[in-house]
Amino acid sequence: MNDTDRMAGATHLECTATGEHFDSEQLIGLSPAGKPLFARYDLDAVRPGFAMADVANRRADLWRYAEVLPVRDPKARIALGEGWTPMIDAPRTATRLGVRKLWIKDEGQNPTGSFKARGLCLAVSRAFELGAEALAIPSAGNAGSAAAAYGAAAGLPVHVVVPTDTPAPILEEMRALGADVQLLDGLISDCGRVVRQGVEQHGWFDLSTLKEPYRVEGKKTMGYELAEQLGGRLPDAIVYPTGGGTGLIGMWKAFDEMERLGWIGSERPKMFTVQAAGCAPMVRAWEQGVDHAEMWQGATTYASGLRVPGAVGDFLILRALRESGGGAAAVPDHLMAEWVAKIGKDTGIFAAPEGGAVAAAVPMLMDKGLISPDDEVVLFNTGSGLKYVGMTPID
Ligand SMILES: *Cc1c(COP(=O)(O)O)cnc(C)c1O
């Protein structure tokens with residue numbers, strides 16, 4: 001991968017609200033405008049050795065896309081087997097839902113059993129490369145265990161702040177991975193406040209969703225994988241369980257990069273956000289036709305990845321839904337659980353409630369005419385059902 005190593009790394013960071021540029025060779029959080037930063041690359045320089053065919057025989061993890069990732073030093077690229085998850089053809093679920101073709105991208109097969117591994121792999125690798133000495137993260141669960149795993153692999157201490165009702169298997173996992181775990185009687189937003197105190201008092205580096213630039217870079221690799229795994233095209237519709245929205249925002253970013261790299265044309269899938277009926281700030285904002293989502297009060301759902309009452313990247317999520325001709329739907333917990341069972345029986349995948357949620361949303365989106373029976377659909381199962389053992393639906 002010698003050429004790859006020479007080409008890797010961003011040219012600069014760009015504020016997603018103002019377009020202002022910033023140096024990428026520093027530990028950094030949000031832009032001065034308080035908005036997420038995106039890494040930008042010299043795609044014209046990368047393009048000659050980075051066609052889809054060049055990547056085809058590379059290592060089967062997300063580091064196969066090193067030219068469009070921010071980590072320069074190969075020794076800083078922490079690897080536990082993240083990414084390159086299977087796209088599982090699910091004809092029985094397709095028939096059940098009444099669509100022509102359906103795949104499940106099974107992100108439950110990532111290290112630590114969820115797709116949080118992709119984002120934290122990149123965020124921790126880059127923070128390590130730039131000299132961070134201690135990491136911290138507020139989490140609804142899965143982000144905390146992914147941070148714990150990559151921190152352990154990098155040899156860095158990780159402080160995780162999670163709500164007391166975080167699934168027990170995830171708490172045990174974080175502790176086994178050596179993290180300092182603080183439990184808080186509150187939501188992920190309250191946990192964020194404790195992390196900010198630690199940042200000020202102890203110099204921890206904050207790995208919160210979209211509050212550093214690189215988790216989204218890890219998550220965007222799902223977009224590259226879709227194109228590779230479908231032989232150079234994209235599906236008609238992507239249905240994504242949305243908390244902070246990093247994966248949806250990341251894939252949307254990836255499609256633009258891929259077009260400029262010549263991997264795809266100007267076509268885009270319809271992007272769909274699915275949230276829990278008990279915590280649906282993005283769905284509400286989508287239905288109201290506004291650009292920013294207000295905080296959701298009294299968030300409840302057993303899908304802990306969706307228990308996110310507010311997202312700093314709200315405007316980026318809503319923009320992707322709108323520009324793609326997609327939409328949003330909210331699903332009550334009991335339907336998530338029903339669809340976890342149906343997917344399991346149909347496919348052999350033990351999905352997380354979030355994976356059940358996206359399947360449950362398809363009939364709702366078809367009723368509204370947003371997904372058609374003729375569409376090829378990809379559902380994201382973002383985690384393994386094993387991480388939720390003992391949790392039961394709330395509504
Ligand atoms: C975090 C999480 C989500 C939401 O992901 P975002 O990219 O933050 O929107 C969905 N499913 C699971 C299992 C999660 O852990």
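Both counts, for ligands and for their atoms, begin at 1 and track the order of listing.
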Carboxylate-amine/guanidinium proximity below 4.0 Å for Glu257 and Lys220: yes

Which residues pass the ring pair (Phe, Tyr, Trp, His ring centres under 6.0 Å) test with Phe50, sequence neighbours left out? Trp263

Hey, does Ala352 come in under 3.5 Å of ligand 1, counting only N/O atoms on both sides? no

Can you tell me which residue pairs pass the ring pair (Phe, Tyr, Trp, His ring centres under 6.0 Å) test with a partner in residues 140-185, sequence neighbours excluded? His159-Trp204

Taking distance alone, with no angle check, do Gly305 and ligand 1 share an N/O pair under 3.5 Å? no

Atom indices of ligand 1, in the order listed, that fall short of 4.0 Å to a heavy atom of Tyr240: 5 (O), 6 (P), 7 (O), 9 (O)

For ligand 1, find out whether one of its N or O atoms is nearer than 3.5 Å to an N or O atom of Thr209. no

We want to know whether Glu173 and Ser145 form a side-chain donor-acceptor pair, criterion being a heavy-atom distance below 3.5 angstrom. yes

If you count the atoms of ligand 1 from 1 in the order shown, which ones are under 4.0 Å from a heavy atom of Thr242? 9 (O)

Near Gly247 (heavy-atom distance under 4.0 Å), the atoms of ligand 1 are 7 (O)

Any salt bridge linking Asp256 with Arg268? Criterion: basic side-chain nitrogen under 4.0 Å from a carboxylate oxygen. yes

Regarding Lys105 and Thr85, do their side chains bring together a donor and an acceptor under 3.5 Å, going by distance alone? yes

Quick one about Asp23 and Gln26 (side-chain donor to acceptor, distance below 3.5 Å, no hydrogens or angles considered), yes or no? no

Quick check: Gly245 and ligand 1, any N/O pair under 3.5 Å apart? yes

Applying a 4.0 Å heavy-atom criterion (strictly less than), which segment of Tyr388 is in contact with ligand 1: side chain, backbone, both, or neither? side chain

Hey, does Ser114 come in under 3.5 Å of ligand 1, counting only N/O atoms on both sides? no

If the threshold is 4.0 Å, N to carboxylate O, is there a salt bridge linking Arg72 and Glu25? yes

Shortest protein heavy-atom distance from atom 10 (C) of ligand 1, along with the residue and atom involved: Thr382 OG1, 3.5 Å

Please work out whether any backbone atom (N, CA, C, O) or any side-chain heavy atom from C-beta onward of Thr246 is under 4.0 Å from ligand 1, and answer side chain, backbone, both or neither. both

What protein heavy atom lies closest to atom 5 (O) of ligand 1? Include the residue and the distance to one decimal. Phe115 CZ, 3.2 Å

For atom 8 (O) of ligand 1, the closest protein heavy atom turns out to be Gly244 N, 3.0 Å

Where the closest heavy atom to atom 2 (C) of ligand 1 is concerned, which of Lys116, Arg307, Met282 has it? Lys116

Report yes or no: does a heavy atom of Lys219 sit under 4.0 Å from some atom of ligand 1? yes

Short N-O contact, Glu354 and Lys116, less than 4.0 angstrom: no

Okay, side chain of Glu376, backbone of Lys101: is any donor-acceptor separation there less than 3.5 Å? no

